[in-house]
Colleague: 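Pasting in a structure now, in C-alpha cells, and then I'll have a few things to ask.
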Amino acid sequence: MELGLVGLGKMGGNMRERIRRAGHTVIGYDRNPDLADVHSLGDLVDKLKGPRVVWVMVPAGVATQTTIDELAELLSPGDIVVDGGNSRWTDDEKHAEQLNAKGIGFVDCGVSGGVWGLENGYALMYGGAAEHVARVQPIFDALKPEGEFGSVHAGKVGAGHFAKMVHNGIEYAMMQAYAEGWELLEAVDSVENVREVFRSWREGTVIRSWLLDLAVGALDDDEHLEKLRGYAEDSGEGRWTVEAAIDKAVPLPAITASLFARFASRQDDSPQMKMIAALRNQFGGHAVENKK
C-alpha cells in the first residue's frame, strides 16, 4: 500500500520506518527538509496514486487544522485523511464534515507507544466509517504490536481520539500512584533500598506494569532522582478527560487529582513530580528539567 505521511518528528519518523519495514511505500513530508521525502504537501499529493490515503501526524490545534485545510484543497473525492495526532475528539467531527463536503473520507486515530513504538509497535484506537477504516487497515496492521491485541475500531468519528484521551487520563492516575508510593518509601528510614523494592514488584504482584518497568529504569539511571527538578507538564489530554467527565457527570477523582498534582508541581519542587517527569521521559522521550 502507498501512504502519504505528514509530520516526521519523534513519533512520525519512527512510524514511517515501521510502515516501510512492513513492505509499504511511505512518502513523507515535514517542514524540516532534512527529514522530508518531498518539499511540500502539494508534492506529496502529486506523488501518490489515487485514491490516496494521507496520514497527518502534527501537533493538535492550529497545526492540524492548517494541514487539513490545505489537504482539503489538494485531495480529490475518494481520498482519505487520517489524523493520528493528539487532537481533541470534538475537533474530529468538524474535520470530517469539512472533508466530507469535498468527498474526502476522514478517520481519527489515537496512537500510543512513544519512543518505543518503532520496535514494539503502536497501540491504535481509531474512529470512522467502516469503509474508510478498511482502506487504512493495512497501515494499522503494520503499526500495531504483534499479537491479538493493540488496535481497535472504537466507533464513529471522534471515538479514536476519545479513547486515547481516556487512556491518557488513566495513565496520569497510574503514574501518580507510583510516584506517591515511591515518595513514601523514600521518607521511611527503615526502607534502605527503595529502588530494589520497586524492582521486586515487577514479578508476582498485581501492580506490575510497563510503567513500573520504566520507573525501575529511571531509578537505575538516578537512584533517588536527585538530578531532576520536581516539575511535570501535562499534554492537555488529562484536562480534556476531566472536562468530558464534567460534561457527562462521571466522577473521576483519581484522574482529576493526578492532573491537579501536576499543576502543584509548578509551584514547588515536588518529589512526586520527579518520578512523573522521569516516567514521561522514559516512555515518551519528553523533556525533563534538571536542577541547576
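Note that these values count all heavy atoms, side chains included, but never hydrogens, waters or copies made by symmetry.
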Colleague: Do you know the tightest heavy-atom contact between A232 and A277?
Modeller: CB-N, 4.4 Å
Colleague: I'd like to know if the side chain of S258 reaches the main chain of I255, judged simply by a donor and an acceptor atom lying under 3.5 Å from each other, with no hydrogens or angles considered.
Modeller: yes
Colleague: Regarding S87 and D91, do their side chains bring together a donor and an acceptor under 3.5 Å, going by distance alone?
Modeller: no
Colleague: Only counting residues at least two apart or in another chain, list the ones meeting side-chain hydrogen bond (donor to acceptor under 3.5 Å, both in side chains) with E146.
Modeller: none
Colleague: Please confirm whether the backbone N or O of Q282 pairs with a side-chain atom of W116, one donor and one acceptor, at under 3.5 Å?
Modeller: yes
Colleague: Is the backbone N or O of M1 less than 3.5 Å from a side-chain atom of H24, with the two atoms forming a donor-acceptor pair by type?
Modeller: yes
Colleague: Side chain of S151, backbone of K144: donor and acceptor closer than 3.5 Å?
Modeller: no
Colleague: Should we count CZ of R31 as having more than 12 external heavy atoms under 6.0 Å?
Modeller: no
Colleague: So, Q65 versus H95: side-chain donor-acceptor pair below 3.5 Å or not?
Modeller: yes
Colleague: Got a sec, which pairs hit ring-ring contact (aromatic ring centres under 6.0 Å, His included) with one end in residues 37-70, sequence neighbours left out?
Modeller: W55-F140
Colleague: Between H161 (side chain only) and G85 (backbone N and O only), is there a donor and an acceptor less than 3.5 Å apart?
Modeller: yes
Colleague: I'd like to check the side-chain hydrogen bond (donor to acceptor under 3.5 Å, both in side chains) partners of D222; sequence neighbours left out, ordered by chain and number.
Modeller: none
Colleague: Could you list the residues that satisfy side-chain hydrogen bond (donor to acceptor under 3.5 Å, both in side chains) with K10, not counting sequence neighbours?
Modeller: none
Colleague: If Ile, Leu, Val, Met, Phe, Trp and Tyr residues are connected whenever their side-chain heavy atoms lie under 4.5 Å apart, and connections chain through other members, are W210 and L219 in the same group?
Modeller: yes
Colleague: Taking side-chain hydrogen bond (donor to acceptor under 3.5 Å, both in side chains) as the definition, give me every residue that meets it alongside R262, ordered by chain and number, with sequence neighbours left out.
Modeller: none
Colleague: Report the residues that fulfil salt bridge (Lys or Arg N to Asp or Glu O under 4.0 Å) with R202, sequence neighbours left out, ordered by chain and then residue number.
Modeller: D213
Colleague: Between D108 and G160, is there a donor-acceptor pair closer than 3.5 Å when you use the side chain of the first and the backbone of the second?
Modeller: yes
